[in-house]
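Please read the structure below before turning to the comments.
First the proteins, then the strands, lettered A, B, ... as listed; each starts at 1.
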Amino acid sequence: MGRRTSSLDANRLQAIGRPLLAWYSRAKRDLPWRRSRDPYAVWVSEIMLQQTQVERVRDSFVRFMAAFPDVHTLANATEDEVLRLWEGLGYYRRARQLHAAAKQIVVRHAGLFPRSVDGLLELPGIGRYTAGAIASIAMNISAPILEANSRRVLARLAAHAAPPDAGGADAALWTLAAAIVPRRHPGRFNQALMDLGAMVCTPRQPRCTACPLAACCAAHQQGREAEIPGRPRRRATESIRESAIVARIGDRVLVLRRGPGEWWEGLWDFPRLSAVGRGLSPAIERSPLLGPLRCGPPQRLGSLTHSVTHHRIAVAVVGCEAVRRGRRAAGLAWVPLAKIGRLAMTSPGRRIAKLAAEWLPE
DNA sequence: AAGTCGGGGTG
DNA sequence: CACCCAGACTT
């Protein structure tokens, strides 16, 4: 056998389960979605948790489940309602796909979840990780998972130094994950791996002295836990400057819904233009987006920045008194500022609305 | 294989 | 500022 530290040998493999599950039973996190093993609840939580930290999901999960307690309720909801309850979580395609999948489950599967990894994979928004998570946690199917936490744990156990974006790096770790997931309690085992990664085997300064797997961790034995796994290459962030327009008539302001192919598809936002400063006024008048809109001199209300993946956007917020409404169009609405809370808005849109509220007394 | 998609908390 | 996160999907 020529295997060395690049993968776990059979002895180390067998050594994982017992100490890991013992650690989990006493150290596991108390999370709202762990109160239920209903596939629907597990599914909703897993979609929310994609690329989103646990602490940011807690409250949204509780609110969402209260509004849509089962797959039929979700399937019958409007996309606006679903998006509004997704507000602030980001990656809104997840919400649209969740909604589409709920309809699919109701129409094609009589409201019952497919009870296999392959069946789950056919639903929009469910990939290899999420299918394995739902299958193992909600259905007691011995399916592997690989995500940010368990990837780090397994990479260190096996001293697998390649960064996640390296070619073939994940394939080896998926193989490892499949080799170690037990037939008994696969869901607990997988969640234990994730909790260990989140609480002990952290990206920086892992707490190896508290780790139940330290004795069989190749990275720890080599003293390389700080450098494993390697960091992926980061793209440079690109800076963007634009203006957001709060066009006002009386107590109403102009908002628009983001369309297909745009960021925040389906969500409402204030109109924005790439022009800033002196060029803004003519840009407003020319903008096919806005009408054209006739309005008085733009007035600076404030500024804010936000980030979308590798873009950093500086927004100058400008208010103006519109003379008349301009064209009517789907996805364009004059909304009383007091009622803007009912719309599913982008996060910067919410902040812009706040500036607008300060501008407009009551 | 590389890009895209949010947002906020942390150091 | 950079880094991080219970990934999926398109090109």
Side-chain angles (χ1 to χ4, degrees), chain A residues 28-29 31-34 42-61 83 86-98 100-101 120-138 143-154 163-171 174 177 187 189-199 201-205 229-239 258 260-267 269 304-313 344-351:
Chain A
K28 67 185 174 198
R29 293 174 287 183
L31 304 172
W33 45 92
R34 286 185 176 166
V42 173
W43 171 53
V44 170
S45 74
E46 290 301 339
I47 301 298
M48 283 192 174
L49 286 161
Q50 288 171 1
Q51 289 290 285
T52 308
Q53 282 159 338
V54 163
E55 292 309 318
R56 314 211 39 248
V57 168
R58 282 183 189 268
D59 295 346
S60 295
F61 174 80
L83 285 173
W86 205 267
E87 198 178 292
L89 283 172
Y91 291 126
Y92 295 93
R93 184 174 63 175
R94 294 181 295 174
R96 296 193 303 273
Q97 289 180 326
L98 188 80
L120 290 165
L121 280 172
E122 292 180 12
L123 295 169
I126 296 185
R128 195 172 177 185
Y129 160 75
T130 304
I134 296 171
S136 62
I137 295 170
I145 61 160
L146 190 68
E147 46 68 69
N149 294 300
S150 64
R151 173 185 291 113
R152 189 168 52 250
V153 171
L154 299 187
D165 61 344
D170 277 4
W174 270 109
F189 179 88
N190 285 338
Q191 291 180 90
L193 279 179
M194 293 191 280
D195 271 21
L196 190 69
M199 302 160 71
C201 194
T202 49
R204 280 174 286 201
Q205 301 180 350
R231 304 269 171 75
R233 288 181 57 88
R234 298 265 168 209
R235 287 198 51 175
T237 64
E238 178 184 346
S239 290
R258 295 271 181 161
E262 293 186 288
W263 287 339
W264 300 292
E265 179 182 346
L267 287 138
D269 196 5
L304 54 91
T305 68
H306 66 278
S307 296
V308 181
T309 58
H310 64 282
H311 303 274
R312 181 181 170 280
I313 306 166
M345 286 209 97
T346 69
S347 173
R350 280 273 170 254
R351 296 162 63 195

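- A distance of 10.5 Å separates CD1 of Ile47(A) from OG1 of Thr52(A), quoted to the nearest 0.5 Å.
- For the pair Arg233(A) CZ and dA2(C) P, the interatomic distance rounds to 14 Å; values are reported in whole Å.
- Across the protein-nucleic acid pair, Trp263(A) atom CH2 and dG3(B) atom P stand 16 Å apart, rounded to whole Å.
- Residue contacts for Pro164(A): at a heavy-atom cut-off of 4.0 Å it reaches no nucleic acid atom on any strand shown.
- Relative ring orientation between Trp263(A) and His311(A) is described as tilted, the plane-to-plane angle lying within the 30° to 60° band.
- Note that the CH2 atom of Trp43(A) and the CE atom of Met48(A) stand 10.5 Å from one another [nearest 0.5 Å].
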Inset, instruction - Produce a footprint string for nucleotides 3-11 of chain C: one letter per nucleotide, 5' end first; B if the base is under 4.0 Å from any protein heavy atom, S if only the sugar-phosphate is, - if neither. - result: SBBBBBS--
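- Backbone-only contact: Ser347(A) has heavy atoms under 4.0 Å from sugar-phosphate atoms and none from a base.
- Going from the P atom of dG6(B) to that of dT11(C) covers 16 Å, rounded to whole Å.
- The phosphate of dT4(B) has OP1 or OP2 within less than 4.0 Å of a side-chain N or O from His310(A).
- Contacts of Gly88(A) with the nucleic acid, taken as non-hydrogen atoms under 4.0 Å apart, involve only primed sugar atoms and P, OP1 or OP2.
- For the atom pair Ile126(A) CD1 and Arg94(A) CZ, the distance stands at 13.5 Å (nearest 0.5 Å).
- For Arg312(A) and dC1(C), the shortest distance from a side-chain N or O to OP1 or OP2 is below 4.0 Å.
- The environment of Glu122(A) atom CD is sparse: at most 12 non-hydrogen atoms of other residues, nucleotides or ligands sit within 6.0 angstrom.
- Atom CD of Glu238(A) is separated from atom C1' of dC1(C) by 17 Å (rounded to the nearest Å).
- For the P atoms, the distance from dA6(C) to dT10(B) is 14 Å, rounded to whole Å.
- Between His311(A) and Gly167(A), the residue anchored nearer the 5' end of DNA chain B, judged by the nucleotide with its closest heavy atom, is Gly167(A).
- The pair Lys28(A)-Asp195(A) fails the salt-bridge criterion, with no side-chain N (NZ, NE, NH1 or NH2) lying under 4.0 Å from an Asp/Glu carboxylate O.
- Atoms CD (Glu265(A)) and P (dG6(B)) sit 9 Å apart, rounded to a whole Å.
- Where Arg56(A) and Arg235(A) meet DNA chain B, the nucleotide closest to each residue was compared, and Arg235(A) sits on the side nearer the 5' end.
- Sorted by first then second residue, the salt bridge (Lys or Arg N to Asp or Glu O under 4.0 Å) pairs that include residues 145-154 of chain A, not counting sequence neighbours, are Arg151(A)-Asp170(A).
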